[in-house]
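Chain letters run A, B, ... following the sequence lines, proteins first and then strands; every chain starts at 1. What you are looking at is a predicted structure, and each value in this text was computed from that prediction instead of being measured.
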Amino acid sequence: MAVECKIFGTLRLASGIDRLLLDIPEKSVPLRRILEELGQRKGLDELKKLAQNRNGESLPFILLLQGKNVFDLDGLETVVKDGQRVSIFPPSGGG
Amino acid sequence: MTFSRQIDILGLDGQKRLAHSTVAVAGVGGLGTVVSQVLVRAGVGRLILIDHDKVELSDLNRQILYDQGDIGKRKVEASSRHLLEIRQDIKIDIFHKRVDSTFFIDTEVDAVADCLDNYDSRFFLDRFCEERDILLVHAGISRLFGQVLSIAPGSKMRLRDVFKAVDGKHYKTQALCAACMTVGAIQAMEIINYLVYGAKGLSCAKSIMSVDLSSFCLERIPLA
């Protein structure tokens with residue numbers, strides 16, 4: 001299956017990646033697996049650590065699946081299917 | 001005439017709507033000093049400024065209303081004084097306080113600008129706007145990046161839903177003045193468009209507007 005991943009902010013700056021089409025052999029996988037895959041890339045190693053995050057802990061990123069915060073779904077266990085879009089956005093907290 | 005160079009853009013009716021509007025600016029730091037100045041110059045009739053902090057030397061790189069003489073002074077008082085130097089006819093109410101669970105202002109408000117520096121306070125402000133059915137225009141800034149998101153009156157999607165699970169604590173972020181001015185100007189323009197044209201004037205209500213000054217990229221992140 002193919003999953004479109006959009007990367008923003010400091011992650012984009014560190015990795016040089018703004019959009020990535022991830023090709024995965026399975027028909028569906030948990031979001032945690034997507035993060036592990038992305039975390040292999042240079043500049044995205046923070047996502048590998050994020051993949052080990054337990055649900056309920058504060059995160060440095062907003063994770064959106066099809067525009068919806070995954071913590072309104074099943075967190076990092078949310079099932080990602082072919083053709084879906086994952087957006088990873090480090091929200092700016094300063095004012 | 002103060003507004004002679006913009007009246008063709010906003011129209012006479014639009015200018016009158018601004019003059020009869022009240023906007024609350026929560027946080028008068030890097031974003032809030034830009035937002036409040038843009039709103040005053042645009043012709044908003046009344047501002048409510050909310051901040052618990054005092055001006056420090058390290059604020060002067062980006063908080064455009066302040067100067068050396070303001071160091072140690074309350075931000076709401078210093079910003080109010082500078083804004084009145086721009087337009088004497090504007091009404092300004094100041095509140096030297098934090099936005100927390102007890103936050104309340106007993107004034108009719110048309111729009112609220114979230115220029116705060118932590119998500120815990122932002123979520124209290126979100127609840128305040130939800131209960132009062134007021135537009136909330138959120139913005140955040142960090143380094144060369146920022147985002148703007150509008151939560152329209154009556155919206156079921158709230159700020160705390162979009163930013164769920166994000167660390168709510170305050171931290172001192174790095175930020176350049178140019179980033180504060182760019183993001184703050186978009187935030188202020190969103191409020192002006194709402195005051196002049198109503199909810200149909202909003203551009204950041206169904207997507208996060210991501211601002212990236214490392215590549216001069218403005219990009220929407222669609223929300224469901």
Side-chain angles (χ1 to χ4, degrees), chain A residues 3-20 31-32 35 43 46-47 49-81 83-95, chain B residues 26-33 35 51 62-63 113-122 138-149 157 160-175 179-180 183-184 187 206-208 210-212 214-215 217 219 221-224:
Chain A
V3 176
E4 183 190 14
C5 300
K6 297 268 288 179
I7 311 285
F8 295 89
T10 45
L11 280 178
R12 181 182 288 185
L13 195 62
S15 66
I17 298 170
D18 59 348
R19 177 181 176 274
L20 196 70
L31 177 65
R32 199 182 290 278
L35 297 177
E46 272 189 85
L47 297 181
K49 283 184 223 154
L50 190 63
Q52 292 154 9
N53 188 286
R54 287 171 299 165
N55 281 343
E57 286 180 342
S58 305
L59 298 178
F61 304 107
I62 297 175
L63 301 169
L64 301 171
L65 178 66
Q66 299 294 94
K68 201 164 178 61
N69 191 317
V70 298
F71 289 92
D72 274 336
L73 305 168
D74 289 324
L76 300 186
E77 303 312 319
T78 303
V79 174
V80 183
K81 296 175 185 162
Q84 290 193 312
R85 185 183 61 239
V86 175
S87 302
I88 303 170
F89 179 74
S92 300
Chain B
V28 203
L31 291 169
T33 53
V35 170
D51 202 300
R62 69 199 184 286
Q63 302 189 10
D114 164 17
C115 305
L116 296 164
D117 62 4
N118 69 89
Y119 278 92
D120 286 343
S121 292
R122 292 176 192 279
H138 153 85
I141 192 93
S142 179
R143 306 184 79 88
L144 295 169
F145 306 96
Q147 80 269 339
V148 182
L149 172 65
M157 181 198 72
R160 57 187 183 274
D161 301 323
V162 177
F163 291 89
K164 189 179 272 187
V166 164
D167 186 359
K169 301 288 175 292
H170 165 81
Y171 60 95
K172 289 200 181 228
T173 181
Q174 295 273 304
C180 294
V183 175
Q187 188 179 16
K206 288 175 183 158
S207 55
I208 301 170
S210 165
V211 181
D212 178 350
S214 72
S215 60
C217 184
E219 199 170 347
I221 307 173
L223 297 171

> Taking side chain as C-beta onward, heavy atoms only, is A:F8 less than 4.5 Å from B:I208?
Replying inline: no
> Is any side-chain heavy atom of A:N69 closer than 4.5 Å to a side-chain heavy atom of B:D161?
Replying inline: no
>> I'd like to know if the side chain of B:R122 reaches the main chain of A:G93, judged simply by a donor and an acceptor atom lying under 3.5 Å from each other, with no hydrogens or angles considered.
In response: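 Indeed, once roles are kept as given, a pair shorter than 3.5 Å links the two residues.
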[atom1]/[X]: more than 12 non-hydrogen atoms of other groups inside 6.0 Å:
X	atom1	result
A:E4	CD	yes
B:K206	NZ	no
B:R160	CZ	yes

> Taking every heavy-atom pair that is under 4.5 Å apart, which of B:D114, B:D212, B:L116 has the most such pairs with chain A?
Replying inline: B:L116
> Can you name the residues that form a ring-ring contact (aromatic ring centres under 6.0 Å, His included) with B:F163, not counting sequence neighbours?
Replying inline: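 In terms of ring-ring contact (aromatic ring centres under 6.0 Å, His included), with neighbours along the sequence ignored, B:F163 is linked to B:Y119, B:H138.
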> Checking side-chain contact (heavy atoms from CB on, under 4.5 Å) for the pair A:R12/B:C217: CA distance, chi angles, key distance, verdict?
Replying inline: CA-CA 12 Å; A:R12 181 182 288 185; B:C217 184; 4.0 Å; yes
Which pair of non-hydrogen atoms, one from [X] and one from [Y], has the smallest distance, and what is that distance?
X	Y	value
B:V166	A:F61	CG2-O, 4.3 Å
B:T173	A:G94	CG2-CA, 3.6 Å
A:S92	B:Q147	N-OE1, 2.8 Å

> With a 4.5 angstrom heavy-atom cut-off, which part of B:E219 approaches chain A: side chain, backbone, both or neither?
Replying inline: side chain
> In terms of heavy-atom proximity below 4.5 Å to chain A, should B:A165 be classed as side chain, backbone, both, or neither?
Replying inline: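 Both parts, heavy atoms under 4.5 Å.
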